[in-house]
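Quantities reported herein were computed from a predicted structural model and do not represent experimental measurements. The sequence lines fix the lettering, A, B, ..., with proteins before strands; numbering per chain opens at 1.
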Amino acid sequence: MTQAAEEKTESHQEQYANDIYAEIANWHVNTGDEKIHAKRVPGRWRRLKWITQSVWLIFFLGPYLRWHGRQAVLFDIPNRQFHIFDITVLPQDVWMLSLVLLFFAMLLAAVTSIAGRVYCGFFCFQTAWTDVFTWLEEKIEGPPAKRRKLEDGPWTGEKIRKLGLKWFIWLVIAVLTGISFVAWFTDAFQLWHDLFTGQASGVAYFVVGLFTVGTLTLAGKLREQACFWLCPYARIQGVMYDKETILPTYDFNRGEPRGRLKKGKIPEGQGDCIDCRQCVAVCPTGIDIRMGQQEGCITCALCIDACNTVMEKIGRPKGLIRYASLDEMEGKHQLPLYRRPRPLIYLGILLLAVTGILYGLTHLGTIDLKVLHDRAPLFVQLSDGSVQNKYRIKILNKTDKDFHVRLTVEGLPGISLRGAEKPLYARKGGDTSYTVYVKVPGEKAPSGRSSITFKAKGIEDPTKEADYESMFFAP
Amino acid sequence: MSENNNPHGQTTGHVWDETLAELTNQPPKWWMIGLHASWILVLVYGIYYPMWPLVSTHTKGIAGWTAVGEYKKDLAEVENIRAPYEAKIHKLSAAQILQDNQLKEYVTRSAKVLFGDNCAACHGSGGQGSIVDDPTQSGFPSLADDDWLYGGKIETIVQTITGGRHGMMPKMGGNQLTAAEIDKLANAIYNGTITKEPLFMAKGCVGCHGPDAKGMQALGSANLTDKIWRFRAKDQLASIKYTITHGVNDPSDPKTRNAVMPSWKGRLTEDQIKKLAVYVHELGGGQ
């Protein structure tokens, strides 16, 4: 090895070591040892965040919506039926639930691969509740600097009063959260009555208590720590980015080298970042976006608002921090969506799930027939030589009106049905059982097993139809 | 103990591999909370529930909980659900129960246990009766078919269960009929042509089985023209011959067939008999 080459290697190693040390010096992960008190800055994304988070109002108000004299959306677990406006979903149709879950999973994946953790930043209950809790904190205790002072200060009457008020309002929100959750599973108005007269079920009290403690702990105490260390979604979403995903990004080409303003001006040779640290101050998870994309970033875009406000004031163009992809930052051409297979596959599966749900909802059917062949004995020989089999019939009426059905059977020559001469009554919203007997003349009954079909047809409404294929046994 | 100059705090003084030391840190706070919560829970449990064995008894716990109490509570819950049905059954006759589909379905499901406890030992779990291998054995009749010795009306079934049945057919072997005659009669019955057999009239079978050989339900005599056999056997012809030779319940012949249905009056309540009658009626052959 020549001396020159050796020197080059050495300087290379030195450079590498320096880089590592520089990285370690800046290495900082929020492990909860410091309390984050984020500054609130108005702006476009702040407004959008309020709007998107307000979908949770549905969670609070939804249970009080009435429909034909009953709760519009009710997940009635004890009676094993879900009411969603006019639709009643019985356990038989719960396969659709898996498609609904698939739909949301794919929606999450598709949105994340296109625009990052939109769910985390704009919709997640953890973000929303924490946002409301800290908003109240600011109203009661003042801006971050005052809050920190109050926190470190001695227990004065003012501190007790402010903290007491804050925790009381938080508690009210937490209890409301619990009650609202339970209200989706039982009649909402009755629940309020029962809760305060001590008549509600133990489960209801337990769940309200659990949600109260959970809300206070998660939104009041843990906050961003839940996103960092508790939430599995955060990690899953974090690995669904690629180079084309647009995320709140610091434009280091434009911003670096950063430095403070001198006499109200950006000095010669310096980038647009004036190191005012406003982006850090507003971050609800306490990260520095200028260090690049990282696990703590919930892509709430509040740093964009903060930076834009500053850029406007110092007369520089907005967008030093903006939604941009890694490709864009590296000066590459941004791929159009239709040439990115990943989101396309996600969207494809999403479309399949939607189709399945729509098919399910339009083909729920109003009647379902189940036939159970009696096994002991499999068949009975009658005195005229014919063979009789016994069946238990269940007619499921999924509508909210009683009706009658005519039951017939076919599949073997000379087959006849006994026990269903009169129209069979089908109770609304449940199943009604009958015992029927099928008879086939001895010489016409094939030995062993043959397949026969039961057919039920509505009397009042002949469009209500259901079949069931069963078996007929003969010696 | 060695001097404690570890920069991280107090150590136990033990050192391994020159540098490895053990700190005497407190366990984490959450762990201590868990520890204390655990023993408090045990204490509360012990006060609330029965827990500690004493010499001849045990601590009862302030909640008064007992395993048998919980069982009775669950049982009461089930009986509470059944009560309205049971009350209806008590008031109605078996025939009226048959008219009410909901009640009938309730009975056919709940009386399965009764049938299993009292009837299935002889008549089979599905009331299918038995087919015996040895034609000298009597077996038990099927309750699921539509051939009834004493009638398949619901009232008759109630009577049969309540009072039992004790049919009788005199033995025809020995002095009454020759082996050849028995052979002839048995074959005619087997082939369903008994009414054309002159011996049927001549030997007085007609007295009980009727001129059309369809039996008389008042006597419980069998229908000899249908495809159903009271004494079903693998070798049906041999079974028929045996029945003719030795009779049924004939005290004068020690080899006679023994076919008695006991009375259930003392063992079952009226409501239970009603339920069983409906159950048997709905096995498939009720009329």
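Across B:Gly126, B:Ser142, B:Gly129, B:Ser125, the residue that shares the most heavy-atom pairs under 4.5 angstrom with chain A is B:Gly126. Highest contact tally toward chain A, considering only B:Lys227, B:Gln128, B:Glu105, is held by B:Glu105 [criterion: heavy-atom pairs under 4.5 Å].
Nearest heavy atom pair, residue A:Ser383 against residue B:Ile228, reads CA-CG1, 3.5 Å. Heavy atoms only, all atoms of each residue included: B:Gly284 and A:Arg418 are closest at O-NH2, 2.6 Å.
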Please report the C-alpha distance between B:Asp145 and A:Gln381 in whole Å, then the side-chain angles of each, then the deciding distance to 0.1 Å, and finally whether the side-chain contact (heavy atoms from CB on, under 4.5 Å) criterion is met.
-> CA-CA 6 Å; B:Asp145 63 32; A:Gln381 182 115 43; over 6 Å; no
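Annotation: A:Lys35, atom NZ; neighbour count of heavy atoms from other residues, nucleotides and ligands within 6.0 Å is above 12. The 12-atom threshold is exceeded at CD of A:Gln199, counting heavy atoms of other residues, nucleotides or ligands nearer than 6.0 Å. For B:Arg82, the CZ atom is loosely surrounded, since the number of other residues' heavy atoms within 6.0 Å does not exceed 12. No more than 12 heavy atoms of other residues, nucleotides or ligands lie within 6.0 Å of CD in B:Gln102, so this atom counts as exposed by the packing criterion. Within 6.0 Å of OH in B:Tyr190 there are 12 or fewer heavy atoms belonging to other residues, nucleotides or ligands. Within 6.0 Å of atom CD in B:Glu77, 12 or fewer heavy atoms from other residues, nucleotides or ligands are found, so the atom counts as exposed in its surroundings. When the shell of 6.0 Å around NZ of A:Lys401 is examined, it contains 12 or fewer heavy atoms from other residues, nucleotides or ligands.
For a residue to count as touching a neighbouring chain, one of its non-hydrogen atoms must lie under 4.5 Å from one of that chain's; by this rule A:Arg392 touches chain B with the side chain only. For A:Tyr425, no part lies near chain B; criterion is any non-hydrogen pair under 4.5 Å.
Side-chain polar atoms of B:Glu282 and A:Tyr437 form a donor-acceptor pair below 3.5 angstrom.
Here CG of B:Asn101 is found 8.0 Å from OG1 of A:Thr432. Values are rounded to the nearest 0.5 Å. Between atom CG of residue A:Leu382 and atom CG of residue B:Asp226 there is a gap of 10.0 Å, rounded to the nearest 0.5 Å.
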